[in-house]
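Numbering of ligands and ligand atoms starts at 1, following listing order. Sequential numbering from 1 along the given sequence is applied to the chain's residues. Computed from a predicted model, the values in this text were never measured in an experiment.
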Amino acid sequence: MKTILVTGGAGFIGTHLCEFLLNEGNRVICMDNLYSGSFSNIEYLLSHPDFRFIKHDITEPYDIEVDEIYNLACPASPPFYQQDPVKTFTTSVIGTYNMLKLAKRYRAVLLLTSTSEVYGDPLMHPQKELYWGNVNPVGIRSCYDEGKRGAECLCMDYHRQYGVNVKIIRIFNTYGPYMREDDGRVISNFILQALRGEDITIYGDGSQTRSFQYIDDLISAMTGVMKLTDFTGPVNIGNPVEFTIKELAEIIIRITNSKSKLIYQPLPGDDPKKRKPDISLIMEKLPEWYPSTCLEKGLKKTIEYFSSKKTKLETEILQF
Ligand code: NAD
Ligand code: UDP
């Protein structure tokens with residue numbers, strides 16, 4: 001039985017990961033300051049004898065003996081990470097530094113959840129791991145992009161200088177249940193707008209592209225990477241099927257049978273124009289893995305989640 005620390009464990013990805021690791025028979029410690037995560041996400045895990053929640057901010061050191069660390073702590077949605085950019089940057093860099101010190105002390109393996117944002121507004125398409133990126137170092141997204149680049153740098157230096165076993169994964173746009181309703185990322189925004197019959201807010205002209213990965217595919221790949229020996233990465237994890245944002249809006253309107261209309265709002269600064277992962281490296285390392293959930297199937301599961309949350313809330317209000 002391994003003892004596994006999941007920082008950011010009460011967030012969207014963290015909740016799924018904690019559940020997966022518990023089901024595998026591990027002892028799981030979820031550490032989170034609840035900045036963008038929710039206690040309600042992990043409440044159902046509290047009765048599990050091998051689950052523990054620690055409310056802690058990873059920019060402060062913490063001493064605990066563990067075998068593995070999944071370092072997820074960091075807000076991931078642009079509105080959340082831009083709300084307190086200094087905190088975002090220090091969480092990525094100082095938080096990762098604190099976790100690397102822990103990994104070194106207890107010879108634990110540390111997996112960093114880096115991001116496709118390290119490629120910035122990419123000039124190489126699709127993006128391969130060898131591409132160094134096109135990042136604005138002083139823009140409104142740089143607290144996140146440069147924070148993650150700094151975290152990758154620290155991981156590699158701890159690996160080369162102290163022999164710490166690190167793994168770096170670069171996650172491309174991932175979605176699914178347990179996203180916050182006010183998260184602000186495109187899939188949760190569009191689904192909620194469609195379900196409520198509100199206007200769908202397209203930023204820019206909607207011609208920018210993203211490639212969307214369903215959460216289950218990410219969890220199987222990231223836990224697979226943790227199990228690999230002699231592999232550091234960085235490695236892309238994502239679904240390579242690319243959609244324009246306008247296409248995404250139209251698909252969501254169709255599946256939800258919504259009467260919502262598209263409206264166009266200004267494009268935020270430094271918004272990447274194109275994004276699509278080259279996944280040949282992860283497929284070579286994990287030959288069994290493939291992002292098997294297509295967008296339509298993943299969207300249906302996510303829509304079901306948000307619809308049932310809405311129904312639950314309405315019932316509670318009626319009972320009140
Ligand atoms: P999220 O915002 O739902 O989860 C992040 C969690 O980290 C939250 O629970 C938050 O409260 C916690 N946190 C933030 N700052 C903290 C701090 N200083 N100390 C302790 N906890 C802190 O986001 P997510 O989508 O679940 O992303 C998880 C990780 O995956 C992040 O590191 C993110 O950069 C990375 N990632 C996600 C995506 C994606 O599409 N979801 C893409 C690329 C990378
Ligand atoms: N976006 C949009 N409407 C929204 C939210 C986002 O058009 O309500 C766009 C956003 O400008 C970006 C894309 O959708 O081009 C993906 O945005 P998200 O915040 O989900 O992720 P990221 O930009 O970090 O890839």
Classify the angle between the aromatic ring planes of Tyr81 and Tyr144 as parallel (below 30°), tilted (30 to 60°) or perpendicular (above 60°).
parallel
Do any nitrogen or oxygen atoms of Gly37 lie less than 3.5 angstrom from nitrogen or oxygen atoms of ligand 1?
yes
Check each of Thr113, Thr88, Leu34 against atom 35 (C) of ligand 1 and report the one with the nearest heavy atom.
Thr113
Measure Glu117 to ligand 1 on non-hydrogen atoms and call it side chain, backbone, both or neither using the 4.0 Å cut-off.
neither
Is Lys148 close to ligand 1, meaning an N/O of one under 3.5 Å from an N/O of the other?
yes
Could you check whether Thr201 and Gln265, counting side-chain N and O atoms only, form a donor-acceptor pair closer than 3.5 Å?
no
Pick from Asn41, Asp57, Asp183, Asn33: the one approaching atom 13 (N) of ligand 1 most closely through a non-hydrogen atom:
Asn33
Considering both backbone and side-chain atoms of Leu72, is one of its nitrogen or oxygen atoms within less than 3.5 Å of a nitrogen or oxygen in ligand 1?
yes
When only distance counts, is Met31 in polar contact with ligand 1, meaning an N/O pair under 3.5 Å?
no
Nitrogen or oxygen atoms of Ser38 and ligand 1 under 3.5 Å apart
no
What residues sit with at least one heavy atom under 4.0 Å from ligand 2?
Pro78, Glu117, Arg141, Asn173, Gly184, Arg185, Val186, Asn189, Phe190, Thr201, Ile202, Tyr203, Gln208, Arg210, Ile245, Pro268, Asp271, Arg275
Say whether Ser116, considering both its backbone and side-chain N or O atoms, lies within less than 3.5 Å of an N or O atom on ligand 1.
no
